[in-house]
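In what follows, a single structure is set out as C-alpha cells and then discussed.
All ligand and atom numbering here is 1-based and tracks the order in the structure.
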Amino acid sequence: MRLLFRLFAATSLVTILVMGGFAYLEVREERARLEEDLQRRATLIAEAVREAAEPLVARGARSGFERVLKRFGGADRGVALYDQFGSLIDATLDIKPYLGPLSPLVTNAIRDNAPQRRVSQVDGSTVWVHVSPLQRDDRPIGAVAVLLDAEHLESRQLSVWRQTGVRIGLLILLFTGLAWMLVRWTVTRPLARMAEWTKQLRGGHPVQPPPEADVSLFGPLAKEVTGLARTLARTRIVAEQEARLRLSGESIWTEERLKQFARMRFGDQAIFVVSNREPLSHVREGKEIRLQQPASGLVTALEPIMLACGGVWVAHGSGSADREVGDRVGLPVDDPAYTLRRVWLSADEEKGYYYGFANEGLWPLCHIVHERPQFRADDWEHYRAVNAKFAQALVDEMEGVDAPVVLVQDYHFALLPQMIKRLRPDARVALFWHIPWPNSEAFGICPWQEDILLGMLGADLVGFHTQFHCNNFLETVERAIEGRVEWDDFRVIRGQHTTHVQPFPISVAAEPTAAPEGDRNSVRARLGIDEMLVGLGVERVDYTKGLPERMRAIRRFFERWPEYRRRAVFIQVASPSRTSIPRYQALQKEIQDLVNEINEAIGERGWRPIVYRERHHDRAEVAALYRAADLCMVTSLHDGMNLVAKEFVAARDDDDGVLVLSRFTGASRDLRDALVVNPYDVEGMAEAIRIAFEMDPSERRRRMARMRSHVRERNIYRWAGLLLAELAPMPRGVTVGAE
Ligand code: ADQ
C-alpha cells in the first residue's frame, strides 16, 4: 500500500508540474490572442468614429453626435465622445455605468495625444476600453472611447484551467494504475515467486527458477542463486553420503574421499589434465552464446576429478564462440573449481591432427571393426606439431609448480608424455588410453608405430580399461622397440626410465542424484508411449557403436515376434560426431535410411518401431530417458569401456530395467549381469531383446541390483583415486632418453 501511495504521489507531482506548466503557457497565449483581437476591433471602431466625429467636434457642433453614436454603437460595444477638456459630449446608453472609471484614461489620451487601452472591471463585468484622441492639425480636440465586452477573456481562461484539471486527474489515475500494474507484473510478483523458489531451494528441493521472471531483470540474480543452490545441494549430498558410509563402515570412494586423498598425496598441488575435447564449449546461436557440454565419455569421467581436486585442464578450444569468451575460463561457470586453458588450432592443424591422424588413423587402428585406417604423412606431421603445441601450453601452465602431476588423456596425445618429460623431467605423467589397444600385428601396420610407442612410454604410468588391452600393448612394445618388458610387474624399462602399464576400468560418478519426480511418466507421456515397452540406445554416431547392426536386430525382433508390434518402441538418441569425415557422414545417412526403411516396413498407422532423435541431448534429458526405458542396448562392435552402459545402471534407482551389452565392450567385463550379446549376430541380439522384455521382474531386479552395487563401488572416484595412487610414488626427475 505504501508503494501505491508513493507511486500516486510521484506521478501526481510530475503530472501536475508538467500539465500545469503547459496549461499556463496555453492560457497566456490564448489571452494574448483574444486581447489582440479586442484591440484590433476596438481600434477599427475608434478610427471609424474618429473620422465621423472629428469634423463635428472641430466645428463645435452641438448636434449630429447622436447619429454617429447610433451608427457605431451596438449590443456588445459602447461609444462615448469627449471634448478637449475631457467632458462628455455624448455616449451610447449602455455605456453610462462605465463613464466614471473611464475619465482618467480619457484625460491621459487628450493630454498625451495618444491612444490608451486596458481591460477594466466594472460592476463585476470585464470590458475592453480603448480611448483615441480626436485631432485637428495633429492637436487633441477631444476623445472617443470604445468599450467592448471582454467577458470571454475570463471565461476562456477558466475553461482552459478546468479542462487541464480534468486531464491531470485522468493522467494521474492512468499513470498510477499503469505503473502499479507494471511493478506488480514485472517486479513484485516475480520477486514473490523468486522468494518462494529460493525458499524451496533452501529446503534442498532442486527446482527450476520461475519461468515468468524477466530474464534481463532477474536473470543474473537467478543465475547466482542457482549456482549457490547447486553448491549447497552438492555439499549436502556429499555430506549425507559421507555420513551414510561412515555409519555403515563402507570404504567406497566418494568425491570427498578423492579430494582428501589427492590432498594427502599431493598436498595442495594442482592437477593438470590434457585432453583434446574441452569439458565445456561456448557456442554462438544468433546473438546468444550458449554453453555446451560435449557428448563424451572422457569428459563425463574426468570432470568429477577436477571438481574434486582443482587445477588446470588444457584442451582444444573448438566451440564457435570460444575465442570470444577467452582462452582461460573458470569452471564450472557458476562456481569455479578449476581452470580451462584453451589451445587454439588452425583449420589445417585440426584437419590433420584431429580428423586425420587421430580419427582416420589411430581410431580405426585401435578398434577392430574392419574399417581401414588412413595414414597420411601430412596428418602425421600435424599430429606431431599439435602434440608439441599442447606440450608448450602445458609447460607454460606448470611454471612455478614443483613436480607437477599430469594426466594426459587419450589417443590424441600419444607423443605428449615424452615431450613433457623432456621439458619438465620432474613432472609425474600418466597417460590414459580410453580406447582399446589391438594385438601387435594389427597395430604393426601403423608406419609410425615406433614413434607412438616411444611417445607413450615417456609416461610413468600408462593406463587402459582392461588387462587384455594392457597385455596387447606390452606385446606390441616387446615386438616393436628395444626395451625390457617385465611381465611380472607389467612394466617397461628403457634406460633409466620405467613405465608401468595397468588397467583402470573407467566408470561413472554413480552419485544418488535426486531423481526429478515423474521422469519416467513424463517422458513416456511426451513421446506418446505410456503403455509401451521401451528400448533405448544413446550414442555418438560412430561406426564402432554398432548402430546399423542394432537397427537390423530390432527389425528382426519385430519380424520374429510380431505380437510385440504396437506394444514396444525403440528410442535411439544419436549425437552427430566427427561430421567432417566422409565415413561419418556416410554412416549418418546409412542409419537414417535404415531407420526410415524399418519404420516403413514394420511400422503401422500411429506406431513407429524406432523413434530416431539425431541431436545432442543434455545430461538431464539422457538421465530421464534412462529412467523411462525398460531396456538399454549397447551393441558396440568394439569399445574401450562404454559409459552409456554404466550410466544406465547408475540411473536406475528403481533397481529395474535390463541392459543388453556387447561382449566387445570393456564394460561387459564389469557388468556381468547384463544380457551379453555378439553385435555381429543379428538373430542372437533379436533373441536378447525378447528375453529382456519377458524377463521376470524379480530376476530383472536381482540383476540390476548387482550391477548397481558394482558401479557404486567401482565408481569414477575410485578410477581416479587408483590412478593417482599409482602415480604418486613414481620417482621424479628421470630424464627420458632420445629415441
Ligand atoms: P565414447 O566413445 O565417446 O568414449 P562412451 O563411453 O559410450 O563413448 O561415452 C559416451 C558419452 O556421451 C556418455 O556419457 C553418453 O551419455 C554421452 N552421449 C552419447 N550420445 C549422446 C547424445 N546424443 N546426447 C548426449 N549425450 C550423449 C570413449 C571410449 C569409450 C570409453 C570412454 C571413457 O570410446 O570406450 O568408455 O571414452 O573412457
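Evaluated by nearest non-hydrogen atom to atom 38 (O) of ligand 1, the leading choice among E614, R540, H434 is H434.
Close approach of ligand 1 to R615 is summarised as follows: ligand atoms under 4.0 Å from at least one heavy atom of the residue are 23 (N). Residue-ligand proximity, H465 to ligand 1, at heavy-atom distances under 4.0 Å covers atoms 31 (C), 38 (O). Taking every heavy atom of E647 and a limit of under 4.0 angstrom, the matching atoms of ligand 1 come to 13 (C), 14 (O), 15 (C), 16 (O). Distances below 4.0 Å separate heavy atoms of A574 from the following atoms of ligand 1: 23 (N). Residue V622 approaches ligand 1 through these ligand atoms, each under 4.0 Å from one of its heavy atoms: 25 (C). Heavy-atom proximity to Y626, at under 4.0 Å, picks out these atoms of ligand 1: 16 (O). Less than 4.0 angstrom separates some heavy atom of H616 from each of these atoms of ligand 1: 24 (N), 25 (C). Short contacts between ligand 1 and V644, defined as distances under 4.0 Å to a heavy atom of the residue, involve ligand atoms 7 (O), 15 (C).
For H616 (side chain) and Q293 (main-chain N/O), a donor-acceptor pair under 3.5 Å exists by modelled atom type. Remark: side-chain polar atoms of N472 are paired, donor with acceptor, to backbone N or O of W437 under 3.5 angstrom.
The closest approach between a heavy atom of R613 and any atom of ligand 1 is not below 4.0 Å. Assignment of E621 to the shell around ligand 1 is not supported, since no heavy atom sits closer than 4.0 Å. Using a 4.0 Å cutoff on heavy atoms, W363 counts as a contact of ligand 1.
Smallest separation of non-hydrogen atoms from A430 and L727: CB-CD2, 3.9 Å.
Both the sub-6.0 Å distance and the 45° axial angle are satisfied by R578 relative to the ring of W363.
Between W719 and H434, the ring-plane angle classifies as tilted under the 30° and 60° cut-offs. Relative orientation of the Y411 and W433 rings is perpendicular, given thresholds of 30° and 60° on the angle between their planes.
Residue pairs meeting the salt bridge (Lys or Arg N to Asp or Glu O under 4.0 Å) criterion with at least one partner in residues 665-679, sequence neighbours excluded, are K646-D670, D673-R706.
No hydrogens or angles considered: nothing links the side chains of Q592 and Y612 as a donor-acceptor pair under 3.5 Å.
At a heavy-atom distance under 4.0 Å, atoms from both the backbone and the side chain of N642 approach ligand 1.
A salt bridge links R290 and E285; the closest N-O separation between the charged side-chain nitrogens and carboxylate oxygens is under 4.0 Å.
Judged as a side-chain contact (heavy atoms from CB on, under 4.5 Å), and not counting sequence neighbours, the contacts of P576 are T579, Q588, E614.
Residue G640 places at least one N or O, backbone or side chain, under 3.5 Å from an N or O of ligand 1. Polar contact check, I435 against ligand 1: no nitrogen or oxygen pair lies under 3.5 Å apart.
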